[in-house]
Amino acid sequence: MAAASPFRVVHTVCSHDCPDSCAVLVTVNEEGRAVKVAGDPDHSVTQGFLCGKVAKYLDRVYAPQRILYPLRRKAGVAKGPLVRGREHEAFERVSWDEALEAIATRLKQVVEEFGPESILPYSYAGTIGVLGYGSMDRRFFHRLGASQLDRTICAEAGGVAWNLVYGKKLGTPTEDFRLAKLIVAWGANIHGNNVHLWPMVEHARRNGGRLIVIDPYRTRTAALADWHIAIRPGTDGALALGMMHVILNEGLEDRAYIAAMTHGFEKLAERAREYTPERVAAWTGMTAGEVERLAREYATTRPAALRLNYGVQRTENGGTAVRAIAMLPALTGAWKYRGGGGVLSTSGAFKWDKAAVERPELALASPLGRLARTVNMSALGEALAVQGSGVRDQGSGNAEARAEAALPVKALFVYNSNPGAVAPNQNAVKRGLARTDLFTVVHELFFTDTTDYADYILPATTFLEHTDVQGAYGHYFVQMSKQAIEPPGEARPNVWLFGQLAQRMGFQEACFQDGPEELIRQALAIGEDGHSKNVGMEHITFEELERVGSIPLAFHREPEARPFQPYLEGPLPTPTGKIEFCSEALAAEGLDGVPAFVPNVESRWGKDAGRFPLEFLSRKADNYMNSTFANLEGHRRMEAKTSRRLEMHADDAAARGIADGDPVRIWNERGELKLTALVNGSVPAGVVAARMDWAKMDPDGATVNALTSERLTDLGAGATFYSTLVEVGKDKDQGLGIRE
Ligand code: SF4
């Protein structure tokens, strides 16, 4: 008889903000230490491999820099940037009891003095597990009466746009992209941050398919494309309308599909007539011939699949741009062909019982007795700039709305995010975080740009250290992520933290006692028969999910016998039941029912282009996840080529007397950044690019977000990171050379 293995393998799910939601098998030794992470070979999307970021995950889990105990800022230590590696000197270790008690006491004081809405939770997708992203925390803040956070920083404009056209976010299954004869990656760096689509792209290309990449920046994906179209930032909507013009002009649309499945075609056709290839060329920087060629190739190749990603919508006109692009497969009937169509996100397929998990009705038991005001996370600097003396002084009646908008934030509770690095208008955010009257708690794994401003830091867990359930926005599997190892030190997950805080606040509701299993059962709406009551999940039981780890949604269980084609037939969950080329809902609000291209205010066509003539792209790293991983040396080495570099076109560099390797200063009205020029052909003329990093890594404490604005997108009120104008000059003070 073979000896029992000293190792056990645990099914987990990568909870980082990535469409792939990989099934990760964690090997744990007898001592309870994780010794290996690997992609599940049996998962049809994960396919047995992990990206470069997470393949090295144990470097993160066992990093010596992890925060292991609750910390309190030492008396007399001012808030603000701390020297990297010496942050602990500003804090002292306290017990969880002391920390929770002190935080609860302070929150009660804030409620008493300023009202509960002066408490602001700030979180995003540092974990996208259902429990970790939003469960006990939501219950806690609803019951407290704290402000609600409008989580717009990443994907809201695109999500709203897609839903306006299709009703919900569904798309071509990742696995089916292999069947496409043309893949258009539009603002999608597949190789960098959706890497499990890449084998499908390669498969398609081996079968004669082509890859076209539309992106102002020469990403790794663009460098591997058959055709890279480097349009100017924020002109995607114009290009989509120009493609429509050509398609309609040449009769390449699918009239039968349009008649059966869409609404508002005539109005769209009328609009598209305005967008001649010549006009579109003038905006995008393409030639008219290229616009025509792209439209023809797209409309005449079957199956043609669009991989649209969220970069497109992070501009002022980004919502409309996504709306226009999303209409293309409906115009050509691409959805009729398996492997055709496209995807922005698959998240609309997962029907979690969110009300049961988040319990918004707890707000009725709060001191407010109603749902609290909403604060937009993409304008955090603005929110923190409101100083007022408090709610109680600010009147009522008609003035109430104005007073509500101007309520101060007196306590900030940050988890799953690092706004000190990722939020737009970094200098405004830093000014706000440095306020001496602001009480800030941060739940984190490492010392970050945000913990430098914390009154209390609480140690958080990685996905190996807690249990969760997860869907995806790039595939159609429900997965359970089981706790593989004990958390190091005294690190604790979100569910535990907010359950404990609820007790300290004296909240009596039984729901604050729920643990991960109860919450997962609630998210799945497990009924008396043991099965989920959620649409598309009825075949799922808690026990089966726990046993196998990963279960496809109902419509994806037999992908070969019954392939999923989301918009093959109606009705769709839009007001007309059809794909909406024209939105009567938008028109009723006095907005354009059909998309039109309006150049961004912060663009080469804007009023400030004289002073700030270059369009700035604040890029994401291929080997980080926004700001996550940026503190790990192995990950930094993988990004070394563009670390602290400003990528420039040769014409723009020459016009400023800048040579490759010169120190440069980049500035606008909001801030400045000092980097080293990299003249490498990665951006078109008039565009410069630099990578997001931590302020801590910069001698001046600046990130790319020192330059970005808090202006919001046209749909969804999201962040506009890629609508940023700057000027660049040689930095005479800096001396030559790269400082990292
Ligand atoms: S970051 Fe994305 S690709 Fe990498 S392991 Fe996680 S889910 Fe997979």
Side-chain angles (χ1 to χ4, degrees), residues 9-27 34 36-61 124-130 132-133 154-155 173-175 177 185 188-202 219-221 307 309-311 343-347 350 416-418 422 445 461-466 468-482 484 549-550 552 619-632 634-636 638-639 692:
V9 176
V10 183
H11 184 283
T12 67
V13 186
C14 174
S15 68
H16 289 281
D17 188 4
C18 167
D20 298 8
S21 282
C22 287
V24 182
L25 302 179
V26 181
T27 306
K36 184 178 159 196
V37 293
D40 183 349
D42 296 330
H43 192 285
S44 63
V45 175
T46 306
Q47 300 173 82
F49 75 95
L50 302 174
C51 67
K53 306 177 257 286
V54 174
K56 292 193 216 291
Y57 208 68
L58 298 183
D59 289 358
R60 176 171 160 87
V61 172
Y124 198 64
T127 168
I128 61 170
V130 172
Y133 178 79
C154 178
T174 289
E175 298 93 320
F177 271 70
N189 179 11
I190 297 168
H191 210 274
N193 43 41
N194 178 201
V195 71
H196 292 84
L197 184 58
W198 190 253
M200 312 301 171
V201 175
E202 286 188 326
T219 60
R220 288 207 305 225
T221 313
R307 193 6 167 154
N309 216 331
Y310 283 105
V343 68
L344 172 68
S345 166
T346 59
S347 63
F350 296 88
N416 299 347
S417 189
N418 179 11
V422 304
L445 284 100
T461 44
T462 67
F463 70 82
L464 270 58
E465 298 151 25
H466 56 242
D468 211 327
V469 69
Q470 194 166 313
Y473 62 98
H475 63 62
Y476 292 119
F477 291 83
V478 174
Q479 301 193 78
M480 189 182 288
S481 187
K482 290 197 270 189
S550 182
R619 289 184 51 233
K620 306 290 178 69
D622 290 343
N623 296 292
Y624 308 158
M625 184 65 68
N626 297 316
S627 82
T628 305
F629 300 108
N631 60 320
L632 300 175
H635 291 72
R636 292 193 73 73
M638 294 195 288
E639 291 290 335
M692 182 201 280

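All ligand and atom numbering here is 1-based and tracks the order in the structure. The figures here come from the full heavy-atom set of this structure, side chains too, leaving out hydrogens, waters and symmetry mates.
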Is the backbone of [Y] close enough, under 3.5 Å, to the side chain of [X] for a donor and an acceptor to pair up by distance?
| X | Y | value |
| --- | --- | --- |
| Arg307 | Ala188 | no |
| Gln47 | Gly39 | no |
| Lys53 | Asp622 | yes |

Would Asp17 and Tyr473 count as having a side-chain donor-acceptor pair, cut-off 3.5 Å?
->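 Present: a donor and an acceptor within the cut-off.
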
Does a side chain donor of either Thr221 or Asn189 reach within less than 3.5 Å of an acceptor in the other side chain?
->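 Result is yes, a qualifying pair exists.
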
Atoms of protein origin (N, O or S) under 2.8 Å from atom 2 (Fe) of ligand 1 |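 Counting only protein N, O or S atoms under 2.8 Å from atom 2 (Fe) of ligand 1, the list reads Cys18 SG.
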
Between His196 and His475, is the ring centre distance below 6.0 Å?
->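 When the ring centroids of His196 and His475 are compared, they turn out to be at least 6.0 Å apart.
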
